Amino acid sequence: MAEEPLIVARGLVKRFGEFTAVDGIDVSVERGEAFGFLGPNGAGKSSTMRMISCVSPPTAGELRILGLDPVRDGVAIRGRLGVCPQLGNLDTDLSVFENLTTYARYFGLSRAEARRRAGELLEFVQLADRAKGKVEPLSGGMKQRLTIARALVNDPEIVLLDEPTTGLDPQARHLLWERLYQLKRQGVTLVLTTHYMDEAEQLCDRLVVMDGGRIVAEGSPRDLIGRYSTPEVVELRFSGGGDVAGKLDGVGERVDALPDRVLVYARDGDAAVAEVHRRGLAPLSVLVRRSTLEDVFLHLTGRTLVD
Amino acid sequence: MMTAWVAARRNHRAGGVSVRRVGAVLGRNVGALRSGPAYWLVLLSGFFEPLLYLLSIGVGVGALVGTVPVGGRAVDYAVFVAPAMLAVSAMSGALAETTFNVFFKFKYAKTYDAVLATPVRPVEIALGELTWALVRCLFYTVLFLVVMVALGLTSAGGALAAFPATALVGVAFGAVGMAISTFLRGWQDFDLLTTGQFTLFLFSGTFSPVQDYPAVFQVIVSLTPLYHAVELVRGLAVGPAGWVLLVHAGYLGVMAVAGLWLASRRIGKLLLV
């Protein structure tokens, strides 16, 4: 018999007064998986993460983490989770090293064990040279790496990352992804939220797309692209207005007119471009690219993901 | 402190206060103390205020006042004022920690949000912070008692008897202060808190015997917390010791338990949503 999934939610609901943040979602996450919640701001991702972190009781529905009930067994579950929250809450009164040792003590590690873990983890997130320094002077990427190190201090079975790379520059993002990929290879179960398509594609084995508190699609990144998009997308920009989209009818499999550009979904991008030119249209720019989760989201919700 | 641990034990039976986790919350503050001089300066400045009042009013004004009757015998005015300043120093030390510092960590630094993502529970945060407030309170009261003995304002025996009472005062005010700080909206509310604290400081039988107040005020004062703290500490340091001291201690004990209960509840209610 297969092992029970580490996280199971059925009909999970979170309401704040009149506002429904999470509106009846079903999720299950298996051990060793990297699972993503993808969606724009306000989709209910963070509320879901807080419920899974056992710091926010569900309003309705069923939730089991590590086979336990988060309301009754919160202490036991939290001891086996690593949480990397969206808002930085590193302790600015403490040094980088003490941030980790102090946190380790909350999990009941001995002083010696806490120091050993802190040393190891600072190596892992490449901050060993900053151990004695304060938190405040660290760059955004360094702070985020330290927060991840803190989330790993209890050797957790599940690591929860809420928007792990929001606000970081590309170089910092890639370094972070690389570290998270290392964790995944070590068999740690990762659950993350993101509104970045490339992040979801890079890190997630499987993901759900959330919008307005509901799950609108579920699958692997490749599945979702296959199901809701075409292999290639042509981005066309035209000067002036007019009904360009109408003239593109029948080019590719589907056409989406956005305010600044027109997207043509096609199995073969180059063939679609040739067809555009054959119809005598002269776009200002043409870009043929592979389809991404961004296209999936646009198709599912009619909106783009960008803030 | 005793009250804190009694509460901890009781909750342990009820399912789950871990002394180790409370210690970890306490340890975080020791870490902060280790990490720079800023906190030490705050700590030291808090000691001098009651001491300066003792010297200026107790000794200075005392020279004009002469003696005051305490429990049927006449004592020097400074002897009368000193235990009150000791009680004030216990109150202020604990309050400074559980109002300013706890409020900042609660509302701005988001320290407790990070802590609650671990197995630590709200009641353990409250107990850890209260224990730390007690450490700060006792740091002040030990120094103050040394000064009192050195100036001949109490005997060594009186100092030893008053010392545990200052701990109770610290825990009582610390717990209530922590509960209050979960209700504060922002720094502007600290003006109210400071005014309240100063009013208690002036009219709790600190600088003149409560028996000299008009009857109505006597009743009002006898309902306020610092009055009970001053009476308890004075009774043990200077006399007279009597069963009535248990009433004062009981009042402070109720403050400690109620404050701790409310503070834990509020931390959970506001952060675990």
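Note that the structure is predicted; figures quoted are calculated from it, not measured. Chain letters run A, B, ... following the sequence lines, proteins first, then strands; residues in each count from 1.
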Could you report the tightest heavy-atom contact between B:Leu44 and B:Phe48, atom names first, then the distance?
O-CD1, 3.4 Å
Under a 4.5 Å heavy-atom cutoff, which of A:Gly82, A:Gly108, A:Cys54 has the most pairs with chain B?
A:Gly108
Which heavy atom of A:Ala149 sits nearest to which heavy atom of A:Leu121, and what is that distance?
O-CD1, 3.3 Å
Is the B:Phe47 to B:Phe139 ring centre distance short of 6.0 Å?
no
Grab the two heavy atoms, one from A:Cys84 and one from A:Ile148, that are nearest each other, plus how far apart they are.
SG-CG1, 3.7 Å
Can you tell which part of B:Val30 gets under 4.5 Å to a heavy atom of chain A, answering side chain, backbone, both or neither?
neither
Which N or O donor-acceptor pairs, by atom type, sit under 3.5 Å across chain B and chain A?
unit_1	atom_1	unit_2	atom_2	d
B:Arg20	NH1	A:Gly108	O	3.4
B:Arg20	NH2	A:Gly108	O	3.3
B:Arg28	NE	A:Asp91	OD2	2.6
B:Arg28	NH2	A:Asp91	OD1	2.8
B:Arg28	NH2	A:Asp91	OD2	3.1
B:Arg28	NH2	A:Asp93	OD2	2.9
B:Arg34	NE	A:Glu98	OE2	3.1
B:Arg34	NH2	A:Glu98	OE2	3.0
B:Ser35	OG	A:Asp93	O	2.6
B:Ala114	O	A:Tyr103	OH	2.6
B:Leu116	O	A:Arg78	NE	3.2
B:Thr118	O	A:Arg78	NE	2.8
B:Leu271	O	A:Arg50	NH2	3.0
B:Val273	O	A:Ser56	OG	2.7

Main-chain N/O of B:Ala179 paired with B:Thr182 side-chain donor or acceptor, under 3.5 Å
yes
All heavy atoms of B:Cys137 vs all of B:Gly170, minimum pair found to be SG-CA, 3.7 Å
Could you tell me whether the side chain of A:Ile158 reaches within less than 4.5 Å of the side chain of A:Ile65, counting heavy atoms only?
yes
Which bit of A:Val83 is near chain B, if near means a heavy-atom gap under 4.5 Å: side chain, backbone, both or neither?
side chain
Side chain from CB out, backbone as N, CA, C, O: work out which of these in B:Leu271 comes under 4.5 Å of a heavy atom of chain A, or both, or neither.
backbone
Give the ring-plane orientation class for B:Trp187 versus B:Phe103, where under 30° counts as parallel, over 60° as perpendicular and anything between as tilted.
perpendicular
